[in-house]
Structures are given as C-alpha cells and as structure tokens.
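Data block below; observations after.
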Amino acid sequence: MTIGVTGATGQLGRLVIGKLKAKAPAENIVALVRTPAKAADLGVQVREADYNKPGTLEQALPGIERLLLISSSEVGRRIAQHGNVIDAAKKAGVKHMAYTSLLHADTSALTRLAEEHGPTEAKLKASGILFTILRNGWYTENYLGFVPAAAASGALLGCAGEGKIASAPRADYAEAAVVVLTTPGHENKTYELAGDQAYTLGELAAEISRQTGKTVVYKNLPESDYAAALAGFGLPAAVAQLIANSNTKAGQGALFDGGRQLSKLIGRPTTPLSAVVAEALKA
Ligand SMILES: NC(=O)c1ccc[n+]([C@@H]2O[C@H](COP(=O)([O-])OP(=O)(O)OC[C@H]3O[C@@H](n4cnc5c(N)ncnc54)[C@H](OP(=O)(O)O)[C@@H]3O)[C@@H](O)[C@H]2O)c1
C-alpha cells in the first residue's frame with residue numbers, strides 16, 4: 001500500500017513522515033511537496049505537489065492509495081488549494097484520504113480559520129473518497145516561542161483570560177495521523193483531537209515559574225494590545241491579529257475539548273504541558 005503525505009516538508013509533515021517510516025517501508029511512502037529540493041533529507045519518495053498547480057497534483061497522486069492532506073499554511077487561499085488536491089485525488093483513484101482540519105470546525109468561534117476548513121471537509125465528504133477528518137486542536141508549540149521571553153521578563157502576555165486550552169504538541173497529532181493512515185477502522189469518521197490536559201495561560205505562567213524558579217505572571221491584555229505586542233515580537237500584523245483574535249476566542253472556550261479522542265487514537269495520554277515547557281526552556 002502506498003501512502004502519500006502533502007505538506008511533507010512542513011513541521012507537522014516532517015513528524016508524520018518520520019513516524020510513518022517506523023510503520024511502513026520507506027519505498028511505500030511518498031512525500032508530496034511544493035519544493036522537492038527541501039525534501040531530500042526525508043528518506044522517502046518525493047514528488048512535486050503544489051496546491052496552486054493542479055497539473056503537479058495530477059502527476060503526483062496516481063498510485064497513492066492513502067493520502068494525508070495537511071492543510072495549507074496560506075490562509076485565505078485554502079478552499080481552492082484543498083479543492084485542487086481533492087479533485088486530483090478523485091481523478092487518481094485515491095481510496096482513502098485524511099485531512100487535518102480544525103477542532104469543532106463546524107461550530108468553531110475561530111471563524112477566520114473555520115470558514116476554510118468547513119468547505120474542505122464538505123468537499124471531501126461529497127467526493128466519494130473514503131475520508132477521515134482529523135480536527136486538530138491548537139499546537140502547544142504555539143505558546144512555546146514566548147516561554148523564554150516570559151521567563152526573562154517575568155510576564156506572559158495574552159488575551160485569553162481564564163479560557164481553558166486543550167492543546168497537544170504537533171508530535172501527538174502526527175501520531176494520530178499515522179494511526180489513521182496505517183490501521184483500519186477510521187473510514188468516514190471525524191475526530192475531535194485535543195490534549196487531555198487543559199490549562200489557562202495563568203497556569204502556563206505558573207508552570208514556567210515552577211520550572212525556572214523565577215516569578216512569571218500572566219498579564220491579560222486587551223486584544224489590540226496583545227496584537228501590538230505580537231507585532232513587536234516581529235510577527236506580520238495580519239498574523240498577529242489572527243493569533244490575538246484566536247486568543248480572545250480561546251477565552252470563550254474555542255480551544256477546549258474534553259472528549260480525549262486524541263489519546264484514545266494514539267493509545268497513550270497526550271504529552272503534558274510540563275514536558276513541552278521543559279523542552280522549550282532547554283532550547
Ligand atoms: N493546530 C494549530 O495550532 C495550527 C497552527 C498553525 C497552522 N495549522 C495548520 O496546520 C498545518 C500544518 O501545520 P505545520 O505546523 O506543519 O505548518 P507549516 O510548518 O507552516 O507547514 C505548512 C506546510 O504547507 C505547505 N504548503 C503551503 N502552501 C503550499 C502549496 N501551495 N502547495 C503545497 N504545499 C504548501 C508548506 O510547504 P513548504 O514546506 O514548501 O513551505 C508546508 O509544508 C498548517 O499548514 C495550518 O493549516 C495548525
């Protein structure tokens with residue numbers, strides 16, 4: 001059985017390829033990437049597959065039986081991009097396709113993100129291809145970049161109030177994708193994937209304090225001030241606004257899920273916040 005992974009040179013994609021290699025022969029794994037030169041170190045077959053170039057997708061997908069479509073990072077262009085992949089997969093006779101969506105994509109308050117994932121899910125379901133929707137929650141890593149700065153300054157910034165965040169590191173979501181690609185029983189299912197342990201940003205600050213021995217407090221800012229702070233860290237203004245808005249929605253519960261479907265799928269508890277913070281402080 002040949003398994004293809006799009007976006008294989010991305011952070012999640014690299015983890016998926018690494019974990020797939022432990023489960024399937026490398027010659028049966030195809031990294032589908034927009035820049036093949038970046039994939040030389042993956043140690044599997046590499047084919048060019050650019051979401052914006054349907055011709056590359058039509059050439060790359062024949063022979064692939066199971067396909068993981070990792071959602072594009074080009075926010076705003078994704079409905080058409082993902083649609084191109086689904087059309088090409090249908091043409092190529094892909095039997096089973098998994099897609100990395102967003103937690104609670106059908107009801108999520110993260111409207112700017114959900115408005116692209118919803119139509120992709122609908123198109124995949126209507127395609128006739130066996131599907132698995134992996135509705136991934138937030139990556140714990142989304143907060144890690146700020147851990148050293150928080151430890152140094154004594155303040156962790158955010159605008160999520162008391163919102164509980166059930167995140168998990170990319171590696172846990174990658175493992176879930178590999179389970180779906182390599183074991184039976186996931187056809188036509190939608191999984192809500194989130195970390196077992198939910199925390200507030202205040203609790204994240206407390207964890208940084210505990211591990212560093214320095215006092216770190218959580219400072220809850222108005223959304224616009226937090227966006228400005230993120231821009232001050234060098235993020236492009238549009239990205240800073242999207243993250244700040246997602247944080248506000250997290251304060252209203254948008255990043256919480258208590259169903260524990262991720263740990264059930266991977267057969268172990270999700271990686272705890274303390275382990276991810278320890279990793280960030282080591283870096
Ligand atoms: N759950 C969360 O917290 C969270 C956070 C951020 C993003 N996401 C979503 O999850 C996805 C995977 O996360 P990640 O951390 O692996 O993101 P990432 O490191 O930015 O990887 C994104 C991947 O998408 C590929 N890509 C972008 N445009 C493409 C195109 N036109 N054709 C083909 N491939 C294209 C990139 O290719 P290159 O390697 O060539 O750049 C890269 O491999 C993201 O793309 C985004 O949709 C989720």
Side-chain angles (χ1 to χ4, degrees), residues 3-23 26 29-44 46-52 67-78 81-82 85 98-103 105 110 113 116-117 120 133-149 165-181 191 193-195 204 230 233-236 238-240 242-243 246-247 255 262 265-266 270-273 275-283:
I3 302 172
V5 179
T6 72
T9 45
Q11 298 165 89
L12 182 67
R14 283 184 173 276
L15 291 168
V16 171
I17 295 284
K19 289 173 190 292
L20 261 182
K21 281 162 71 179
K23 301 275 177 192
I29 302 169
V30 183
L32 299 154
V33 302
R34 67 172 156 182
T35 313
K38 279 171 65 180
D41 61 327
L42 291 177
V44 297
V46 176
R47 297 182 194 163
E48 183 187 355
D50 187 323
Y51 301 151
N52 293 323
L67 175 65
L68 174 65
L69 167 56
I70 292 186
S71 52
S72 169
S73 46
E74 298 183 323
V75 177
R77 304 182 69 185
R78 299 190 290 182
Q81 291 182 329
H82 299 160
V85 180
Y99 169 64
T100 63
S101 182
L102 169 75
L103 188 68
L110 302 176
L113 302 174
E116 293 186 296
H117 288 293
T120 302
I133 310 282
L134 298 162
R135 287 184 171 169
N136 288 349
W138 229 226
Y139 301 146
T140 308
E141 287 93 335
N142 294 348
Y143 295 108
L144 295 193
F146 308 115
V147 168
I165 298 161
S167 71
R170 282 185 186 87
D172 289 1
Y173 297 109
E175 208 167 308
V178 170
V179 168
V180 162
L181 292 168
Y191 293 113
L193 301 178
L204 172 58
L230 290 173
F233 283 126
L235 289 181
V239 176
L242 185 63
I243 294 177
S246 300
N247 248 260
L255 301 180
L262 177 53
L265 205 50
I266 62 181
T270 59
T271 307
L273 179 66
V276 190
V277 169
E279 206 50 45
L281 287 168
K282 252 195 259 162

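In this text, all values refer to a predicted model and were calculated from it rather than measured experimentally.
Closest of all the heavy-atom pairs between Tyr139 and Ser167 is C-CB, 4.1 Å. Minimum heavy-atom separation, Lys19 to Ala171: CE-O, 3.4 Å. Shortest non-hydrogen contact noted between Leu110 and Ser246 is CD2-CA, 3.6 Å. Across all their heavy atoms, Gly7 and Ile70 have their closest contact at O-CD1, 4.3 Å. Of all heavy-atom pairs between Glu141 and Pro169, the closest is OE1-CA, 3.2 Å. Nearest heavy-atom pair, Ala166 versus Tyr173, reported as atom, atom and distance to 0.1 Å: O-OH, 4.4 Å.
The CD atom of Gln11 sits 9.5 Å away from the OG atom of Ser73 when rounded to the nearest 0.5 Å. Atom CZ of Arg14 is separated from atom CZ of Arg170 by 12.5 Å, given to the nearest 0.5 angstrom. Atom-to-atom distance recorded for Thr140:OG1 and Glu279:CD is 12.0 Å, nearest 0.5 angstrom. Taking OG1 of Thr9 as the reference point, atom CG of Leu42 lies at 7.5 Å (rounded to 0.5 Å). The distance from the NE2 atom of His117 to the CD1 atom of Ile133 is 11.0 Å, given to the nearest 0.5 Å. Distance CH2/Trp138 to CD1/Ile165: 9.5 Å, rounded to 0.5 Å.
Looking only at side-chain heavy atoms (C-beta outward), Leu113 and Arg78 come within less than 4.5 Å of each other. In this structure the side chain of Val85 never reaches within 4.5 angstrom of the side chain of Leu32, judged on heavy atoms.
By the 30° and 60° cut-offs, the orientation of the rings of His82 relative to Tyr51 is perpendicular.
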Inset, instruction - Could you walk me through whether Lys23 and Leu181 pass side chain to side chain contact (heavy atoms under 4.5 Å, CB included), step by step? - result: CA-CA 10 Å; Lys23 301 275 177 192; Leu181 292 168; over 6 Å; no

Legend entry - Worked check of side chain to side chain contact (heavy atoms under 4.5 Å, CB included) between Lys21 and Val44: CA-CA 8 Å; Lys21 281 162 71 179; Val44 297; 3.8 Å; yes

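Judged by distance alone, with hydrogens and angles left aside, the side-chain atoms of Asp172 form no donor-acceptor pair with the main-chain N or O of Gly195 at under 3.5 Å.
In this view, Ala177 and Val16, Leu68, Leu134 satisfy the side chain to side chain contact (heavy atoms under 4.5 Å, CB included) rule, not counting sequence neighbours.
Screening Ile243, Leu242, Val239 for a side chain to side chain contact (heavy atoms under 4.5 Å, CB included) with Leu230, the sole residue that qualifies is Ile243.
At a cut-off of 3.5 Å, with distance as the only test, no side-chain donor of Thr100 or Asn136 sits close to an acceptor on the other residue.
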